[in-house]
2 protein chains.
Amino acid sequence: MVTLAEVARHAGVSASTVSYVLSGKRSISAATRERVENSVRQLGYHPNAGARALASSKSNIIALMVPLRTDMYVPVMMEIAMAVATAARTHGYDILLLTGEEGAQAVRRIEGSALADAVIVMDVQLDDERLPLLRTASRPAVLIGLPSDTSGLSCVDLDFAAAGAECAQALADLGHREIAVIGEAAAVYERRTGFAERTLAGLRERSAELGLRLLHRPCEGSYASVSATLARVFDERPGVTAFVVQNEAATDPLLALLRQSGRAVPEDVSVVAVCPEQVAAHASVPLTSVAVPAQEMGRRAVEQVIAKIEGRGADEEVVLIEPELTVRESTAQAPAGA
Amino acid sequence: MVTLAEVARHAGVSASTVSYVLSGKRSISAATRERVENSVRQLGYHPNAGARALASSKSNIIALMVPLRTDMYVPVMMEIAMAVATAARTHGYDILLLTGEEGAQAVRRIEGSALADAVIVMDVQLDDERLPLLRTASRPAVLIGLPSDTSGLSCVDLDFAAAGAECAQALADLGHREIAVIGEAAAVYERRTGFAERTLAGLRERSAELGLRLLHRPCEGSYASVSATLARVFDERPGVTAFVVQNEAATDPLLALLRQSGRAVPEDVSVVAVCPEQVAAHASVPLTSVAVPAQEMGRRAVEQVIAKIEGRGADEEVVLIEPELTVRESTAQAPAGA
DNA sequence: GGCATCTGTCGAAGCGCTTCGACAGATGCC
DNA sequence: GGCATCTGTCGAAGCGCTTCGACAGATGCC
């Protein structure tokens with residue numbers, strides 16, 4: 001492996017000069033800089049990460065805690081994780097992948113060993129066990145998700161409450177009066193996952209304001225579960241003319257089952273989903289939806305956490321991304337008979 | 001941050017003794033060991049990762065290159081990645097997440113900076129541009145996937161050729177003579193992704209042996225794409241009584257469309273898929289399938305790469321996991337009329 | 001034109017570990 | 001009982017960087 005000392009010798013300068021060329025922390029004459037940069041290129045030099053971290057107390061690594069759950073529909077999570085990794089690289093950072101398995105323990109380990117300069121936490125519960133630790137941690141942390149109490153924390157999330165409200169509003173605007181919500185798996189609520197509860201709260205609030213009848217049922221992504229939920233819904237509320245789908249895994253089964261039961265979408269029943277663009281656009285009936293902007297969430301989280309690492313940015317900052325509802329083919333005016 | 005020197009002082013021993021207690025590389029008396037371990041616990045000591053890496057030339061980090069593609073169905077990839085991360089932790093390693101975006105560049109960077117002790121590469125193409133670099137790299141590499149030329153490489157993969165053969169065999173055993181393969185997206189073949197081609201090769205070979213008529217069509221995961229593919233298949237081969245699905249995203253649309261077109265599964269048409277257990281088990285008709293053992297693949301790759309890091313294990317080792325076909329409800333005897 | 005300030009570069013110290021050689025004291029052997 | 005070997009511990013060097021203070025030489029100012 002090529003070392004900084006070898007680069008220095010090759011360029012005929014001192015080691016510190018090479019270091020300053022690389023970091024830009026002191027001004028260096030153009031001639032010297034060029035000579036050094038040439039040597040770096042010629043020798044194929046890469047600074048040793050360990051040595052750099054030790055000397056500067058900065059690892060240029062951001063830890064990312066991803067959930068290790070099977071009941072969470074993974075594509076959004078994966079998309080966010082990839083967006084985080086990509087954004088981090090553009091700022092010269094690498095991503096250390098922590099599975100949720102270690103839990104709070106991992107935060108302590110990362111902090112103690114100085115492995116990472118900061119932590120980004122996904123899949124945050126309203127009352128997450130990791131919050132106290134993150135509040136007092138010596139390293140910056142940013143949550144992707146919104147807990148109940150955000151004091152002393154930085155968060156990035158879609159404004160799911162507003163998303164829920166938008167769904168209710170859009171359906172009300174089309175004349176729908178009875179709406180059913182195909183929720184997330186029961187386990188997701190039991191864990192008190194923020195986005196699920198907030199979407200629901202937004203739906204309920206706006207529905208109340210608009211005088212809509214709302215029925216909410218948790219539902220897993222499997223065909224069988226959607227089928228059972230659907231039967232129950234129509235049994236309890238035969239007048240339902242619209243669905244809001246929270247669980248993105250349920251969209252395909254729902255559309256298939258509606259078709260099977262002789263209900264046309266959107267003529268007989270409207271469907272609105274909260275899900276990634278791709279899922280909405282590629283459904284058997286392209287879905288009117290509020291997008292979960294995975295890319296933007298990942299990018300914003302990285303920007304925020306780097307601002308904190310660099311000492312810019314507030315200690316406490318909540319970024320709520322405005323939801324955007326895109327009308328596709330799954331919604332229409334409520335049927336006249338309803 | 002607590003340092004090793006502070007632990008040493010607290011325990012009344014030298015720094016090197018603390019180091020040897022931690023690493024176990026020299027024998028230490030029980031009494032001293034206990035005293036040191038106590039101090040470590042009391043002070044909440046975590047070794048500084050950078051210092052350790054610098055002194056020992058070992059980072060205890062494994063880099064994982066995951067694909068950054070949108071045409072690959074992600075759940076398997078995510079499951080493998082998580083399995084890798086979990087397995088790595090049980091061996092005391094962390095995972096550095098590299099997106100495919102950087103490509104071969106990333107391998108060079110990791111190697112030069114000594115950021116990771118080894119690399120695990122996912123989404124390998126038959127003729128992958130990263131292979132030459134991986135062959136000559138000074139650090140161990142393990143591929144999850146199988147390129148055409150495995151010389152000088154270590155690989156872990158499902159034996160997709162055998163998986164394809166098993167699918168053909170199972171359908172032949174049930175009396176099916178005409179089979180259609182719903183393939184991966186065309187782009188997947190264009191990239192010459194190993195698993196897609198090998199599955200197909202296995203299917204073709206065994207079909208030829210058994211005298212089956214085989215029709216293969218690439219297909220994207222969207223409803224529209226499956227619909228078009230299906231129409232074409234029945235147009236070109238009206239006698240088809242069985243499907244093999246390679247693209248796991250296509251399973252749900254396929255089942256829905258068959259149902260819609262009045263074909264009962266498995267009475268009129270049998271369906272076999274190559275996909276993760278979960279997808280097969282939760283489909284609207286539980287699918288007879290060959291599982292993609294994501295967990296095992298991740299675990300084996302980690303074990304292999306760690307063996308190499310520790311100097312055990314061969315330079316070149318190809319682990320092909322035996323496929324297992326599980327019969328569920330989507331297959332039956334070929335209809336008599338066919 | 002002389003003194004203060006800038007600019008560019010260097011050398012040395014230090015970051016927190018691991019590891020090597022040394023060695024005191026205990027143990028084993030004939 | 002004396003010498004060789006083991007066992008357990010220590011101190012020092014070194015891993016490859018960053019960063020601080022120093023300082024020579026160039027530049028600016030009245």
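Here is the naming used below: chain letters follow the sequence lines, and residue numbers restart at 1 for every chain.
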J.: Partners of B:S57 by side-chain contact (heavy atoms from CB on, under 4.5 Å), sequence neighbours excluded?
T.: none
J.: Under 3.5 Å for both distances, Watson-Crick or G-U wobble, that's the pair rule; now give the dot-bracket for DNA chain D, with | marking pairs to another strand and [ ] for crossing ones.
T.: ||||||||||||||||||||||||||||||
J.: Once salt bridge (Lys or Arg N to Asp or Glu O under 4.0 Å) is applied, do any residues pair with A:R89, and if so which ones, sequence neighbours excluded?
T.: A:D94, B:E102
J.: At under 4.0 Å between heavy atoms, how does the protein contact nucleotides 15-23 of chain D? Give one character per nucleotide, 5' to 3', with B, S or -.
T.: BBBBBBBB-
J.: Please list, chain by chain and in numerical order, all residues satisfying side-chain contact (heavy atoms from CB on, under 4.5 Å) with A:S19, sequence neighbours excluded.
T.: A:L4
J.: Can you sort out the partners of B:L54 under side-chain contact (heavy atoms from CB on, under 4.5 Å), two or more places apart, ordered by chain and number?
T.: A:N48, A:A51, A:L54
J.: Under the side-chain hydrogen bond (donor to acceptor under 3.5 Å, both in side chains) rule, collect the residues that match up with B:D157, sequence neighbours excluded.
T.: B:R198
J.: Can you name the salt bridge (Lys or Arg N to Asp or Glu O under 4.0 Å) partners of B:R26, sequence neighbours left out?
T.: none
J.: Taking only residues two or more places apart in sequence, or in another chain, which ones meet A:E310 in a salt bridge (Lys or Arg N to Asp or Glu O under 4.0 Å)?
T.: A:R312
J.: Using the side-chain contact (heavy atoms from CB on, under 4.5 Å) criterion, which residues pair with B:I309? Sequence neighbours excluded.
T.: B:K58, B:I62, B:Y93, B:D117, B:A118, B:P140
J.: Under 4.0 Å from any atom of DNA chain C, heavy atoms only: list the residues of residues 31-43 of chain B that qualify, in numerical order.
T.: none
J.: Who passes salt bridge (Lys or Arg N to Asp or Glu O under 4.0 Å) against A:R300, sequence neighbours left out?
T.: A:E296
